[in-house]
Colleague: 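My structure is below; once you've seen it, I'll send some questions.
Reminder, nothing fancy here: chain letters follow the sequence lines and each chain counts from 1.
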Amino acid sequence: MAISNVEIADIFTHLAELLEIQGYNAFKIIAYKNAAREIANLGSSVARMVEEGDDISKLPSIGNHIAEKIREIVKTGKLTQLETLQKKFPSHILDLLKVEGIGPKRAKILHDTLHINSLEELMRAAKEHKIRDLDGFSDKIEQKILDKTMFAKKIGKRFMYSVAEPHANAILDYMQKSKDILKVLVAGSFRRRKDTVGDLDMVATSKNPKKVIDYFVQYPDVKDIILHGDTRSTIILKSNIQVDFRCVQEDSYGSALHYFTGSRAHVLAIRKLAVQRDLKINEYGIFRGKQSISGSSEEDIYKTMGFSYIEPELRENRGELEASRKGELPHLINQEDMRGDLHMHTTYSDGQNSIEEMARAAMGFGYEYIAITDHSKHLSIVHGMDEKKLRTELDEIDRLNEKLKDITILKSIEVDILEDGSLAMSNSLLKELDLVVAGVHDKFNLSAKQQTKRILKAMENPYFTILAHPTGRLINQREAYSLDMELLFKETVQRGCFLEINSQPKRLDLNDIYAKIAKDLGVRFSISTDSHNERSLYYMKYGIYQARRGWIEKKNVINTLPLSELKEMLKR
DNA sequence: GCCGTTTTCGGCCCGACTGTTTTCAGTCG
């Protein structure tokens with residue numbers, strides 16, 4: 001399997017950080033970081049481009065030097081320059097940078113004078129008061145390091161969107177009660193609906209920022225106050241989520257919101273364009289000389305720079321600026337577009353509610369149809385159905401469709417794709433179903449070649465309809481299994497199958513980057529909840545968020561279709 | 001190391017907060 005963009009990007013990030021600690025030219029370091037970001041965001045596989053002889057030095061932020069390094073990485077799987085550096089600096093030294101208050105300069109001093117290379121060694125040195133007398137340190141900084149090192153070790157993970165969400169809503173609610181606040185919003189990756197959130201960024205307007213900040217740090221759920229200035233503050237909640245708060249005057253709201261919504265890559269790209277036009281953009285507005293010419297709303301910012309409004313989910317510098325300028329931005333899908341949910345479980349397998357309970361709950365969402373997709377019987381699935389049990393379930397669905405007039409229950413199954421690519425249910429039964437959702441639930445460690453072959457073999461079955469959670473990743477728990485994604489996407493289109501965007505908060509699989517690649521190759525999707533009880537049907541919104549980040553439109557999604565059209569679509 | 005609608009050289013996004021700083025370096029986002 002060729003090396004992934006993320007792995008290549010990581011190599012350049014590590015290279016940049018190690019060079020930074022060594023005190024190399026700052027702009028060279030920025031160049032490596034820019035290259036890393038560009039590669040991580042790229043829609044197509046860099047390794048594949050290299051193998052096919054494309055000129056990667058034409059890519060933004062990639063010149064001849066970095067292109068040569070990339071070719072070395074693709075060819076050998078590693079970068080000699082980085083290996084050499086790592087021999088000099090143990091890999092754990094980069095952990096020091098995760099401690100609040102330690103940047104490259106202080107990390108270098110700690111390494112050079114006290115030979116500190118890990119968080120453990122840092123903590124020991126701080127406890128023994130060896131740090132306070134170093135150049136650039138003090139007893140106060142030493143104490144801060146001691147406090148923060150504990151924290152750095154605990155964290156290091158991003159929070160799932162659904163975990164951050166209630167905290168974001170609660171603190172937003174609290175801030176709205178301040179009488180000094182005019183407007184307030186949660187910006188950052190949360191507003192961009194990213195599947196994981198590193199911290200929460202809040203932006204507010206007020207005539208009296210100081211008062212607002214003082215109110216902010218009194219939030220009852222605060223564990224620690226990191227920073228407490230006149231216009232900004234940073235706190236840590238008891239849940240260990242960091243919240244950055246920024247307060248500006250009302251005529252700067254648009255630019256502040258834009259800046260703190262990010263992404264960094266998106267904002268930097270626009271700032272560069274501004275510089276080319278002799279303008280300056282900061283969080284207070286767009287300036288020509290000292291004259292502010294824009295800033296009160298985001299629409300204003302984009303218009304001044306010659307763009308149509310760009311939805312937060314698209315702001316990743318993945319082509320949205322060019323698309324906006326050309327008037328080719330997608331019309332992103334909305335929750336209201338959904339007419340049904342095509343993946344859910346009942347007590348027939350590992351779900352907690354009956355078919356009727358699930359159907360009635362779905363009616364509450366205004367759905368026209370649902371598909372019941374209980375598990376097939378297989379070693380890895382608890383309470384999976386055999387043929388007899390599925391037959392019983394189908395009979396019950398017939399009775400319920402007679403009884404319930406406002407919703408149609410489609411007959412389906414979540415069938416296992418076995419290691420040899422066959423499906424764990426006989427075709428004589430599968431052909432009676434309206435659709436077949438199939439998924440991989442074991443043998444995650446096959447090689448990319450084997451895993452891809454397994455799934456493509458399964459798709460040869462004429463009753464195969466939708467591939468469930470295509471990469472199997474679980475956020476913060478399990479990596480995606482190795483697959484040749486582009487081949488999978490092309491074959492999916494070729495065979496008239498569909499890919500799922502699974503809305504479970506810990507799955508969100510396909511993710512945004514793959515969804516966009518797949519869409520561009522003509523793949524159509526099902527966005528479904530994989531609900532195991534009636535309460536989780538609302539997960540649909542998380543799947544929609546992920547789809548929007550993947551530039552997905554209503555027309556790309558089959559469960560936005562009216563039932564009659566959906567049925568046509570499901571015929572292979 | 002990258003990049004170019006005055007440039008193949010000389011720039012590189014921009015500002016707030018902290019510490020102990022009397023004018024700024026380091027860090028962070």
Colleague: What integer number of Å spans the C1' atoms of B:dT8 and B:dG4?
Modeller: 9 Å
Colleague: So, is A:His65 near the phosphate of B:dC2, with a side-chain N or O under 4.0 Å from OP1 or OP2?
Modeller: yes
Colleague: Counting only side-chain nitrogens and oxygens, does A:Gln242 get under 4.0 Å of the OP1 or OP2 atom of B:dG29?
Modeller: yes
Colleague: From C-beta outward on A:Asn25, which listed nucleotide comes closest to its side chain: B:dC17, B:dG1, B:dC13?
Modeller: B:dG1
Colleague: As a test of reading the structure: which of B:dC14, B:dC12, B:dT18 is closest to the side chain of A:Tyr259, going by heavy atoms?
Modeller: B:dC14
Colleague: If you measure from the C1' atom in B:dT27 to the same atom in B:dT21, how many Å do you get, rounded?
Modeller: 15 Å
Colleague: Measuring only the P atom in each nucleotide, how far is B:dG26 from B:dT20? A whole number of Å is fine.
Modeller: 14 Å
Colleague: May I ask you to evaluate whether A:Ser138 reaches the phosphate of B:dT20, defined as a side-chain N or O under 4.0 Å from OP1 or OP2?
Modeller: yes
Colleague: Measure from the side-chain heavy atoms of A:Tyr32 and tell me the nearest of B:dG1, B:dT27, B:dC13.
Modeller: B:dG1
Colleague: Starting at atom CG of A:Leu268, determine the distance to atom P of B:dG29, rounded to an integer number of angstrom.
Modeller: 15 Å
Colleague: Roughly how many Å apart are B:dT7 and B:dT23, using the P atom of each and rounding to a whole number?
Modeller: 41 Å
Colleague: What is the distance, to the nearest angstrom, from the CG atom on A:Leu19 to the P atom on B:dC2?
Modeller: 13 Å
Colleague: When you check the phosphate oxygens OP1 and OP2 of B:dG15, does a side-chain N or O of A:Lys280 lie under 4.0 Å from one of them?
Modeller: yes
Colleague: Across the strands shown, which category fits A:Arg246 at heavy-atom distances under 4.0 angstrom: base, sugar-phosphate, nothing?
Modeller: sugar-phosphate
Colleague: Give a yes/no verdict on a cation-pi contact between A:Arg271 and A:Tyr259, requiring under 6.0 Å between NZ or CZ and the six-membered ring centre and an angle within 45° of the axis.
Modeller: yes
Colleague: Syn or anti for B:dT7, given that syn means the glycosidic angle lies within 90° of 0?
Modeller: syn
Colleague: Does a side chain donor of either A:Glu7 or A:Ser4 reach within less than 3.5 Å of an acceptor in the other side chain?
Modeller: yes
Colleague: Under a 3.5 Å limit for both distances, which nucleotide forms a Watson-Crick or G-U wobble pair with B:dC28, could you say?
Modeller: B:dG15
Colleague: What contact category does A:Phe260 fall into here, base, sugar-phosphate, or nothing, at under 4.0 angstrom with non-hydrogen atoms?
Modeller: nothing
Colleague: Answer with base, sugar-phosphate or nothing: what part of the nucleic acid does A:Lys140 contact at a heavy-atom distance below 4.0 Å?
Modeller: base
Colleague: Send over the distance from A:Asp135 CG to B:dT21 C1', rounded to a whole Å.
Modeller: 15 Å
Colleague: Between atom NZ in A:Lys33 and atom C1' in B:dC13, what is the gap in whole Å?
Modeller: 14 Å
Colleague: For the residue pair A:Lys223 / A:Asn240, report whether a side-chain donor-acceptor contact shorter than 3.5 Å exists.
Modeller: yes
Colleague: Quick one: A:Asp244 CG to B:dC17 C1', roughly how many Å, whole number?
Modeller: 12 Å
Colleague: Expressed in angstrom and rounded to an integer, what is the separation of A:Asp278 atom CG from B:dC13 atom P?
Modeller: 15 Å
Colleague: Which of the following nucleotides, B:dG15, B:dT18, B:dG1, is nearest to the side chain of A:Asn282?
Modeller: B:dG15
Colleague: Answer yes if the side chains of A:Asn334 and A:Arg548 hold a donor-acceptor pair under 3.5 Å, and no otherwise.
Modeller: yes
Colleague: Look at A:Tyr284 and B:dA16 and indicate whether a side-chain polar atom (N or O) is within less than 4.0 Å of OP1 or OP2.
Modeller: yes
Colleague: Given A:Glu316, which of A:Arg193, A:Arg264, A:Arg192 fulfils the salt bridge (Lys or Arg N to Asp or Glu O under 4.0 Å) condition?
Modeller: A:Arg192
Colleague: Start at the 5' end of DNA chain B and walk down; is the nucleotide closest to A:Arg106 or to A:Arg232 reached first?
Modeller: A:Arg232
Colleague: Any base atoms under 4.0 Å from A:Ile29, or only sugar-phosphate, or nothing? Heavy atoms, all strands.
Modeller: nothing
Colleague: Looking only at side-chain atoms of A:Lys69, point me to the closest of B:dC13, B:dG1, B:dT27.
Modeller: B:dG1
Colleague: Provide the distance between the two C1' atoms, one in B:dG1 and one in B:dT5, to the nearest whole Å.
Modeller: 24 Å
Colleague: Measure from CD1 on A:Ile70 to C1' on B:dC2 and round the result to the nearest Å.
Modeller: 13 Å
Colleague: With a 4.0 Å cutoff (strictly under), does any side-chain N or O of A:Thr231 reach OP1 or OP2 of B:dC17?
Modeller: yes
Colleague: With a non-hydrogen cut-off below 4.0 angstrom, is A:Asn34 in contact with a base, only sugar-phosphate, or nothing?
Modeller: nothing
Colleague: Which nucleotide in the list B:dG1, B:dT27, B:dC13 gets nearest to the side chain of A:Lys105?
Modeller: B:dT27
Colleague: Ignoring hydrogens and geometry beyond distance, is a side-chain donor-acceptor pair present between A:Asp251 and A:Ser296 at under 3.5 Å?
Modeller: no
Colleague: Nearest-Å distance, CD1 (A:Ile141) to C1' (B:dG26)?
Modeller: 9 Å
Colleague: Can you tell me if A:Ser206 and A:Asp180 form a side-chain donor-acceptor pair at under 3.5 Å?
Modeller: no
Colleague: If I pick the P atom on B:dC3 and the same atom on B:dC13, what distance separates them, to the nearest angstrom?
Modeller: 13 Å
Colleague: When A:His258 is tested against each of A:Tyr309, A:Tyr253, A:Tyr302 for ring-ring contact (aromatic ring centres under 6.0 Å, His included), which residue passes?
Modeller: A:Tyr302
Colleague: 5'-most contact on DNA chain B: A:Pro60 or A:Asp199, nearest heavy atom basis?
Modeller: A:Pro60
